[in-house]
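Input: a single structure, listed below in C-alpha cells.
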Amino acid sequence: MSHTDHNNNSMFKITLNLTMAAFLAGIIIGVVFFFTYEKAEEQKKLQKELSMKELVPDAAIFVPIEGKHEWFRAEKDDKTLAYLLLAEQKGFDGHIKMFVAVTPDKKVIGYKVLSHKETPGLGDVAFKPKFASQFTGKGIENMELVKIQEEGKILAITGATITSRAVTAAVKHVLVEVDAYLTQGPAAGDTGVHTETKNEHK
Amino acid sequence: MNLWKEFTKGLVAENPIFRLALSLCPALAVTSNVYNALGMGVTVLFVITCNNIVVSAFRNVIHPKVRVPVYIMSIATIVTVAMLTLEAYLPVLFRELGIYLPLVVVFAIILARAEVFAAKNSVIPSMIDGLGMGVGFTIGMVTIGAIREIIGNGSFFGYQILGSWYHPPLIIILAPGGFIVIGFIIGVMNLNEKRKKDKSEKAEMAAGGTI
Amino acid sequence: MTEYFLLFMSAAIVNNFVLTRYLGLCIFFGVSKNYHASTSMGLAIISIITLSSMITWVIEHFILLPLGLYFLKTIVFVVVIAVFVQLLEMVIKKFMPTLYNVWGIYLLLVATNCVILGVPLINSEANFTFIKSTVNALGSGTGFAIALILFASLREKLQFSDVPKSLDGLPIAFILAGMLALAFQGFSGMIPL
Amino acid sequence: MLRRIKGGVHPHDEKKSTDDKKIAVLPLPKKLFVPVHQHIGQPSVPVVKAGDEVKKGQLIAESADGRGTPVHSPTSGKVTEIGNYPHPLYGKSPCVVIESDGLDQWQEGLLTDRSWEVLSAAEMIDIIFKNGIVGMGGAAFPTHIKLSPPKDKKIDTLIVNAAECEPYLTSDYRTMIEYADDVIKGTQIVMKILGVQKGFIGIENNKPKAISLMKEKCKGKKIEVVELETKYPQGAEKMMIKAILDKEVPSGKLPMDVGCAVQNVGSLKAVADAVEKNIPLIERVVTVTGRTVKNPVNVMAKVGTPFTELFDFCGGFRGANGKIIMGGPMMGMAQVSLDAVVVKATSGIVSIADNEVDLKEELACIRCGRCIDVCTMRLLPNVLSILSEKGQHQTAQTDYNLMDCVECGCCYYVCPSRRNIVHYIRQSKAKNAMLRNAIKTGSK
Amino acid sequence: METKETTANIQKPEKLVITSSPHVHNTESVTKIMWIVNLTLLPAAIFSVINFGLPALITMLLCIAGSAACEAAIQYWRKVKVTVSDGSAVLTGLLLAMCLPAGIAWYVPVIASVAAIGIAKHTMGGLGHNVFNPAHIGRAFVMASYPVAMTTWAVSRIGNSADFAGAMGKVADFDVVTGATPLGILKQQGYQALVDSFGGQSAMYKALFIGNTGGSLGETSAILLILGGLVLVIKKYIKWQVPVVMIGTVALFTWIFGGKVDGKLVYFTGDPVLHILSGGLIIGAFFMATDMVTTPLTTQGQVLFAFGCGLITVLIRLYGGYPEGVCYSILLMNALTPLIDRYIFPKKFGSLPEPVTRS
Amino acid sequence: MLLQTAIYAVLAMIGLGLIFGFFISFANRKWAVEVDPRIHEVDEVLPKGQCGGCGYPGCMAYAEAVVTNPDVPPNLCAPGKEAVAQKVAEITGKKAVALETKIAFVRCSGTYGKAIRTGVYKGVKDCVSANILVGGDKGCTYGCLGYGTCVKVCMFDALKMSPEGIPVVNPDKCTGCGKCVTVCPRNIITLVKPEIMVKVNCNSRDKGAIVRKHCQAGCIGCGMCAKSCPYGAIVIDNFLAIVDHNICLEKCSDPVCMIKCPTKVLRPAIWGTVPGFEVKEEKV
Ligand SMILES: Cc1cc2nc3c(=O)[nH]c(=O)nc-3n(C[C@H](O)[C@H](O)[C@H](O)COP(=O)(O)O)c2cc1C
Ligand SMILES: Cc1cc2nc3c(=O)[nH]c(=O)nc-3n(C[C@H](O)[C@H](O)[C@H](O)COP(=O)(O)O)c2cc1C
Ligand SMILES: Cc1cc2nc3c(=O)[nH]c(=O)nc-3n(C[C@H](O)[C@H](O)[C@H](O)COP(=O)(O)O)c2cc1C
Ligand SMILES: Cc1cc2nc3c(=O)[nH]c(=O)nc-3n(C[C@H](O)[C@H](O)[C@H](O)CO)c2cc1C
Ligand code: SF4
Ligand code: SF4
Ligand code: SF4
Ligand code: SF4
Ligand code: FES
C-alpha cells in the first residue's frame, strides 16, 4: 500500500478511520440482528420442540414448568402426557446432555441426546434405539445396569459400560426428580437435573 | 489481468489448505463428514469473497496504521451477519459448525487474501480471487471430508455406501486420523507434482536441452 | 483447589488444544520447524491467551451481557485481542527490547489466531467464572506450548531421517501430528469436563 | 594394580603370529622413494637434486618453516629424480628417489659415541631436531616440538606409551624386548630434557614378558612400569594419562596442559640413537603381518622402502588380498597401491584377505547407543555421523565436539548398522577445514 | 599408479579395497539382533498359542505376514533395498500380535500391521528413522478404530480347563471364549471382585505369573517373557535398568495410590504384584520400552524414559479411560525422547575438575 | 426492546472504534520504534498470512531477517510465491548478488569409460571423504572423483551428475555462488564468464605420459593448441593448457585450437554438453 504520507498520521485521522469502520460494522450487525432475532428465537424453540416431539409425538404443546429450569410438561387436550427434563451426566469423556421423557405414572418413555463427546461407534451406541429402547416403559425399580442379561434390568453395552452407566444414572435421576415433584409438590428437588454442580447458563 | 487465471490459481496451485497451509483448523475439525465440510467451505467462500470485495472497495480510505484492525472488523462483521442468518434459517448447520463458525474470523486465509490481494487490486479481480480461494478451500474441505467419511464411516453425505461387510476404522474420523489423512493427501499431491516435474526434466534432457 | 487443578490439567493435557480440539494448527505447523522458535512461541501463547481471556471476560460480563449484546461477542473479542496485542507489542518493543527479541516478535503472529480467540469463546460458552476462565486459559496455553515444543523437537529429529521426498515437509508433519494425537488418546477419559 | 579405562573395545589381538619373531633386517632395496613429507605440518624442502650422490644419513630435505623435521637419506647412492610417487598417507607426494649403490655407506661425522649425561637439554633438543625424529606412535608429530613446551607449561611426568593396543602390531613390543636398554636410555634422556622426576611406562597386560623385562630394567631409575588392562584404545595418549594418572586432558588441550608428556617406545629408541650415536631417523621396525602373508615378520625397514619389497621379504601372499593397511587395523590407512613406501610413522603393514574384507552394507543408525557406550571421548558418534551425512559439519563442531574425536574407531567396531562413523567424522573435519581455508583466503 | 621398479617379484593384488579405518568389526549386526529378539519372544508366543489355541496363531501369522508384506511392498515401490530379511518387520509384527486379543477379526491385525509399518515406520524412512514405536502405533490405531473388538479378550484355555493337557487338547479348537482381563475387572468391578474371580489372592498371583488369565497374546505369560528378557539383558541387547525402573515405578505408585477401601483412596494399600503381572507391563518393559530406535540414546536418558513410562502407565490405569496403559505410556514417552536426548548426553571428556595434585 | 439492543450495538461499536483508534494512534506516536524502512517495505509486500511457513515467527520477523541478514534468501515466503520473492529481492538487492555474471565450469573429462580407477572405493559416497583416503580410487590425482559432493552442495539444483560420472552444470540455474568451487577437494570447478568460447576440460598437471596412462581424455600438454593459436591466447603451464579467455573473446572468431587438440579436451563452450561429447569437425 502506498500510504506513507506522513501528514496522514495524525491521531485524529487514525482514530476517525477506525471509528468509522466500527460504526459501519455496528450498523450492519445491528440491522441484521434486528431483522433475524425473532426468526432465530422461533427456530430455537422449534428445534427444542422438535426433539421433544420426537420423544412424545402425541403431545400438542410443551409447557415449561414454573420454577424449574428446562422442565416441560407435554400436554394434549389439557392432559399431561409426559414430563420432559433436561438431564446432564458425566460420561466417558465429557458431559452427556439429554432430554428424558417420563410418563406421569413415572415410567420412562425415552431419551434424546442433545450433545455428547462419547466415542463414536462405542459410547454413542448408547444413544441408538437398540440400547435406548430397553428403557421404554421401565420404572425406577428397573433402573439397574447389569452386564449379563437379566429380566427387567438394563443390559450394558459391551465395551461402553461407562456410557451405559451414565445414561442409566441420568434417567434414574430424572425419575427420582419427577417422583419427588409429583409426590411432594413443586418445591421439591433441584431446579434443574444436574448431578454435577455446574454454573447455570445465563 | 486474466480473471480466469486469478480464479483457478486457488484451486490447486495455491490451494489454501494443501499448498498455502493456511486455515488448517477447520480442515481437520469440521471434516469428519462431507456435509459439515461443505457447509464450512461455503461459509468461508462467502466470507472471503465478501471481505475481498469490501476491502478492495475501501482500500484507499483505510489508514495503514489501523489496517489490520479494520480488516478484522470487516471479516468479523461478515461472519457475525452470516452467523445471525444461519441461526435464523439453518439452525441445524449452525449447531454442527459450533465454535468453528466464530473462528472463521481468524482463519488466516481470509486475512491473508485481504492483505495480499484485495488491498492491492480493484473490486472485480478481488472478488474473483476470493471466489477462487474460497472454492479451492471448499474443494479441499470436501476432499478431506469425503475421504474421512467414506473410510471412517463407510458413508457419503450420510448415506451408507459401503455395505455392512465394511467395518470402518473409526480413527479416521477422530483427531489422529484427520491429521494422517491430510498428510497423505498432501503427499499424493506432491507425488503427482514430482512426477510431472520429472517428466518435463526428462523431456528437456531428451530434447538436448540444458542438462 | 482440586477443581482448578483438574481444570488446568484437563485443558493442558487431556483435552489438549491442538491434539484433540484442533485449534491453532497454522501456528502449530508453521512454527514447529524450529525448536527455539517454538519455545518462545509457547511462552507468547501462554501469556497472550491468559491476558486476553481475562480482558474479554471483563468486557463480556460488564458490557456485552448487561446490554444484551451477546451477538457482538465475536467481533468485539477479536478486535479487542488484536488491538491489545498490537499495543503490547509496541510497548515491549519500546521499553524492553531484549525481551522483545526473544518473545515479542511472536506476539503479532498469534494476535489473529484461532487458539487465541478460541479460548475466550470456549470460556464464554462454558460460562466460567473469572478465575476459572483464567485457569482454563492458562491450561490451554500451557497445553499448546507443550504440544508445540514436543512437536518441534520431533520435527527436528525428523530432519535426520530419510523421509520419502513426497512426504517431506508438511505431509510428514501432519502424519507425525496424527501419531502424537494417537499417543495423547492415552489420556482420554481421564478428566471428563 | 591393573589400570582400566571406561569404554573402549576388545578386538581379537592377533599378535601371536609375530610377537616372537625377532626383528629381521631387510635386504637393501634397489631404489628408495623417500617422501619429503613425513610429519604433521608443512612438507620439507628437498636440498638435493637429480644426479646428486648421497651418503647414508645425509640430509636430503630441510624443514620448510623450522617447525617440521628434516629428512635424511636412508642409504648411499644416487638421486635419480624428485617426483610425485605414492605416499601411504597423502596419495601422491614429492619423493626423493635414490638408486642404491649397494654399499650402504654412512656419511661422515655420524655414528659418534657420546654420553647423554654430559649434554644439556637444549643441545639434546637440537640433536633430536637435526636427526629428524618424529613420534613413531602413529601421529608423526615432530618430537623436538613436543619436548620444548612453552615456558608457562610445567611438565612433571613422562609417560612411555608401550601399550600397543592395536591388534596385529608387535613392532613396539619387539623394540622393547630387543632394544630395552635403548628405550630406557631414551626415557631418561627425555626426562632430563623435560626436567621431570617421574616416569611411567604403560604396558598392556597381554605382554607379560615386556612387563617383567621393563620392570627389571627400570629398577632404581625413578621409572615405574604400569600394567594396563588390555583394551583398545588404551594407547591413545589421553586414555593413557587417564588410566595412569586419572587426569583428563580437556577438550582441545594437550597432555602438557595437565603436566604430562607421552612418548612412544619407538620414538624413545630413536631419541637414544640420535643423542648418543648421532644417527638420524632413517629406518624403523615394521610388523608385516596378516592372514594372507606367507611368513609374517618384524623387520627393520628403511624409510622409503616400497611395500612390495616388504611383502617380497615375507615370501609373498597366499590367497587373494582384499585390503592392505598401513598401521593397525583400527586406525591404519588402507592403501590403493602396494607402491606406497615405509615412512617414519609406519609401525606395521597388515594385509587383509579378500574374504575378511567386511563389505556388509551400511544401514541407518538404529540408535542402539553402543557407539556412545564405547566412545572413550564420551562423544555421540552416531549423532556426529548423521550430522555429517546430512551435511551439517559446522553443527557437529560447535554443538557436538567433533574435534575431540581421536578417530579410534571403537564406534564403528561395535556398530551393528556398520556405519562408517569414523569416515563421516573425518569428512566433517576435512570439510570444516576446507571451509576455514576458504574463509581465510577469501572466497573465490 | 606408476609402478615402481623394485627388486620385488611378488604378484601384486588386482584392485585393493579402500575404506576408512577401522578395518575390523565385531560380529554383531542389525539382522542378528533382530532375529535373536524374535527368538527370545518365541517361547512366550508358543505359550500363547497353547493358551488361546489356533486363533492366537492366526492373529500372530496375520500380523507377521502383514508387517513383512507391507514393508516389502513399500520398499519395492520406493525402489530401495527390500530389507524384510533383517527381521525388524517380523519383530514388529510379532510384538504387535502380542498386543492384540486372540481370534480378533482378520482385518484388525492386517490394518494394525499396515498402520505400524506403513504409517509409523516407513513414512519416516524405515528402520532407525521412526520416532514412535511401530507396534504400539499399530495397536493404538486399531484400538481407536475397533474399540469393541479390541476390548473383547480371549479367555485362557489353561485357566478354563482343569489341567494343561486339557488345554493342549483344545489347541486346534477355533472357538474363542471371551471375557474380561484382570485389569478390566479391576477397573469395572473393583479389587475384591477380581480376587474373587480367581478364588483367592495367591491363586490369582499364580495364575497371573504362569499366564493363566485372559488378555492379549503377550499379556499372559509373564514368566516366559521375563526369561526372554533376561536373555536380552545377558546378551547386552537391552539395558537392565529399563525394565527394572519401569516395573519398579509401576509397582511403587500402584502400591501407594492403587488401593481403595470402600471406594475411597487409602494410601499404601495397592496391589503392585497384580499391576506388574498384568496388562502387558512385562512385555512392554522388556521388549518395547527397550526398542532402541524409539528410546533415548544414553543410559541415563533411558532410565528417565522408563520412569516416565511407569508413571504414565499408573496414571492411565488408575485415573484414565483405559484399563491398561503401557502402550500409550510408551508412545507418549517416545514423543518425549527427542527432548530427553536434547538435554541428557554424556559429559564430555576432560570436563572433570582437574585433580589438585600439582606441587 | 429489539431496536434498543440494535442501537446499543452500534453505540458499543462506535465506542470500541473510538477507544482503540485513540490507543493505536497514541501508541503510534509515543511508542513507535525506528527501524530500517526497508523492513517495512518488505513487510508490505509479504502476504501477512503470519503463517510462519518461512521458518520465522511471522512476516515481520522474516522481513527483518531478510533485510538485515545477507544470508537469508528472498524466496522463503511460500504463500507469496515468485512474485513476492521477486519484490523482496528488489527491495533487498539480493538478486543482484545472485545474478553475478560468472557460472561454474567443471574442468574434467575423465568419465567412467575414459579414466581408470585404481582401487575399489567402499567408503562414504562423498568426494572429500574419498580424497582423504590416500587420494581416493581414481587413477588421475587431479581428476573428478565423481561422488557428487558439488552436486549435493548446490542449493539451486544447477549441478547434476551425468551418467558418465562427471557433474554437469545447468547454466540457466547456476547463480555463480561458488559453493561447489569451495567444496570440491580436487579444485576442479572454477567460475568463468558464461560467454567464453573454448574450455579446457582437464585439470591434470601430470606429464603427458602419466595422463595417458590414467585417462584417454585428459590434456597431455602437447602444446598443439598453443602453437596453433594466432593470438597467443593459450599457454602451457605444467603440462596443462591455460586459455586467456579475454584474448579469445576480443580477437578470435575462428578457434582453430580445438581442431588441433589431439585428445579433444579443448572443446567449444557449449554449456550443458555431456562429457564425452565429440567435436563436430565440419563446422567450427
Ligand atoms: C478408544 C476408546 C474409546 C472408548 N470410549 C468409550 C466410550 O465412549 N464409552 C464407554 O463407556 N467406554 C469407552 N471405552 C471403554 C472404556 O475404557 C471401558 O473399557 C469400557 O467402558 C468397559 O466396558 P466393558 O466392561 O463393557 O468392556 C473406550 C475405550 C477405548 C479404547
Ligand atoms: C477388498 C475387500 C476389503 C475388505 N476390507 C474390509 C475391511 O477393511 N474391514 C472389514 O471389516 N471387512 C472388510 N472386508 C470384508 C471381509 O472379507 C468380511 O466380509 C467381513 O470381515 C465379515 O465380517 P462380519 O461377519 O463381521 O461382517 C473386505 C472385503 C474385501 C473383498
Ligand atoms: C586411538 C589411538 C590409539 C593409539 N594407540 C597407540 C599405541 O598403541 N601405541 C602408541 O605408542 N601410540 C598410540 N597412539 C598414539 C598416542 O596417542 C600418542 O600420539 C603417542 O603415544 C605419542 O608418542 P609419540 O609422539 O612418541 O608417537 C594412539 C593414538 C590414538 C588416537
Ligand atoms: C530390544 C528390541 C526391542 C524392540 N522393540 C520393538 C517394539 O517394541 N516395537 C517394534 O515395532 N519394534 C521393536 N523392535 C524392532 C525394531 O527396533 C523396530 O522394528 C524399529 O522400531 C523399526 O524402525 C525392537 C528391537 C529390539 C532389538
Ligand atoms: S567418536 Fe571418535 S573417539 Fe569416539 S569412539 Fe568414535 S572414533 Fe573413537
Ligand atoms: S552403534 Fe551404530 S546403530 Fe548404534 S547408535 Fe551408534 S551409530 Fe547408531
Ligand atoms: S567436481 Fe569435485 S566435488 Fe564434484 S564430483 Fe568431481 S571431484 Fe567431486
Ligand atoms: S554451487 Fe553455485 S556455482 Fe556451483 S553450480 Fe551451484 S549455483 Fe553454480
Ligand atoms: S490456526 Fe486455526 S485456522 Fe490457522
Side-chain angles (χ1 to χ4, degrees), chain D residues 11 29-31 33 85-86 167 238 246-251 253 258-259 306 308-309 311-312 316-317 320-325 329-339 352 357-358 360 363-369 372 377-378 380 401 404 409 412-414 416-418 420 422-423 426, chain E residues 1-26 28-33 81 83 86 88 125-129 236-237 239 291-299 301-302 337 341 345-352 354-355 357-359:
Chain D
K30 215 165 87 193
K31 260 192 178 177
F33 301 77
Y85 284 98
K238 287 187 176 183
D246 196 21
K247 287 182 185 171
E248 290 189 1
V249 181
S251 159
K253 293 280 165 67
V258 292
T308 39
E309 300 275 352
F311 285 115
D312 200 28
F317 300 113
N321 258 308
K323 272 186 197 168
I324 302 290
I325 301 159
M330 293 301 283
M331 291 195 65
M333 183 70 99
Q335 300 297 314
V336 213
S337 144
L338 280 193
D339 293 325
I352 294 197
V357 177
D358 197 326
K360 277 219 181 75
L363 304 170
C365 167
I366 59 165
R367 296 171 46 87
C368 67
I372 299 170
M377 295 306 294
R378 298 202 286 262
L380 297 174
N401 308 317
D404 281 5
Y412 168 82
Y413 182 79
V414 296
S417 287
R418 315 266 163 151
N420 286 313
V422 181
H423 203 177
R426 292 170 68 180
Chain E
M1 284 282 145
E2 302 87 293
T3 31
K4 285 174 177 170
E5 308 157 39
T6 58
T7 50
N9 46 20
I10 50 149
Q11 175 98 50
K12 279 197 204 166
E14 269 288 290
K15 266 191 183 177
L16 292 170
V17 174
I18 29 180
T19 63
S20 165
S21 63
H23 308 284
V24 286
H25 196 283
N26 69 6
E28 292 294 357
S29 70
V30 173
T31 313
K32 187 172 157 193
I33 295 177
K81 198 168 163 246
T83 58
D86 73 8
S88 87
L127 180 61
H129 295 305
K236 299 218 169 92
Y237 287 175
K239 291 182 179 137
D291 173 21
M292 48 267 229
V293 178
T294 54
T295 57
L297 283 168
T298 60
T299 311
Q302 285 167 7
T337 296
D341 275 341
F345 46 82
K347 218 170 182 185
K348 79 175 179 187
F349 192 85
S351 52
L352 289 188
E354 234 169 88
T357 46
R358 298 258 205 108
S359 49

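Residue numbers start from 1 in every chain, and the chains themselves are labelled A, B, ... in the order their sequence lines are given, proteins ahead of strands. For clarity, every value in this text was computed on a predicted model and none was experimentally measured.
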Given His423(D) and Thr19(E), is the side-chain contact (heavy atoms from CB on, under 4.5 Å) satisfied, shown in steps?
CA-CA 8 Å; His423(D) 203 177; Thr19(E) 63; over 6 Å; no

To the closest 0.5 Å, what do you measure between NE2 (His129(E)) and CZ (Arg367(D))?
11.5 Å

Rounded to the nearest 0.5 Å, how far apart are CG of Leu16(E) and CG of Leu338(D)?
6.0 Å

Select, from Cys365(D), Ser251(D), Ala334(D), the one with the greatest count of heavy-atom pairs under 4.5 Å involving chain E.
Ala334(D)

Interatomic spacing from CZ in Phe345(E) to CG in Leu380(D) - rounded to 0.5 Å:
7.5 Å

Between Thr31(E), Thr294(E), Ile18(E), Asp291(E), which shows the greatest number of heavy-atom pairs under 4.5 Å with chain D?
Ile18(E)

Would you mind checking which part of Leu297(E) comes under 4.5 Å of any heavy atom in chain D, side chain (CB onward), backbone (N, CA, C, O), both or neither?
both

For Ile366(D), the side-chain contact (heavy atoms from CB on, under 4.5 Å) test, sequence neighbours excluded, returns Cys368(D), Pro416(D), Ser417(D), Val30(E), Leu127(E), Met292(E), Val293(E)

Do other residues, nucleotides or ligands put more than 12 heavy atoms under 6.0 Å from the NZ atom of Lys253(D)?
no

Between Asn420(D) and chain E, with a heavy-atom cut-off of 4.5 Å, which part of the residue counts as in contact: side chain, backbone, both or neither?
neither

Closest non-hydrogen atoms of Arg426(D) and Ser20(E), given as atom of the first, atom of the second and distance, are NH1-OG, 3.4 Å

Counting only heavy atoms from other residues, nucleotides and ligands, does the tally under 6.0 Å from NZ of Lys32(E) exceed 12?
yes

Val422(D), part contacting chain E, at a heavy-atom distance under 4.5 Å:
both

Residues two or more places apart in sequence or in another chain: which of them pass side-chain contact (heavy atoms from CB on, under 4.5 Å) with His25(E)?
Asp358(D), Tyr412(D), Arg418(D)

Locate the shortest heavy-atom distance separating Ser21(E) from Met330(D); write the atom from each residue and the value.
CB-O, 3.3 Å

Value for CZ (Phe349(E)) from CZ (Arg378(D)), rounded to nearest 0.5 Å, stands at 6.0 Å

Chain E contact via Lys238(D) - side chain, backbone, both or neither, heavy atoms under 4.5 Å
both

Taking side chain as everything from C-beta outward and backbone as N, CA, C, O, which of these in Ile352(D) sits under 4.5 Å from a heavy atom of chain E? Side chain, backbone, both or neither.
side chain

Most contacts with chain E, counted as non-hydrogen pairs under 4.5 angstrom, among Ala364(D), Pro329(D), Gly409(D), Gly369(D):
Pro329(D)

Under a 4.5 Å heavy-atom cut-off, does chain D meet the side chain of Lys81(E), its backbone, both or neither?
side chain

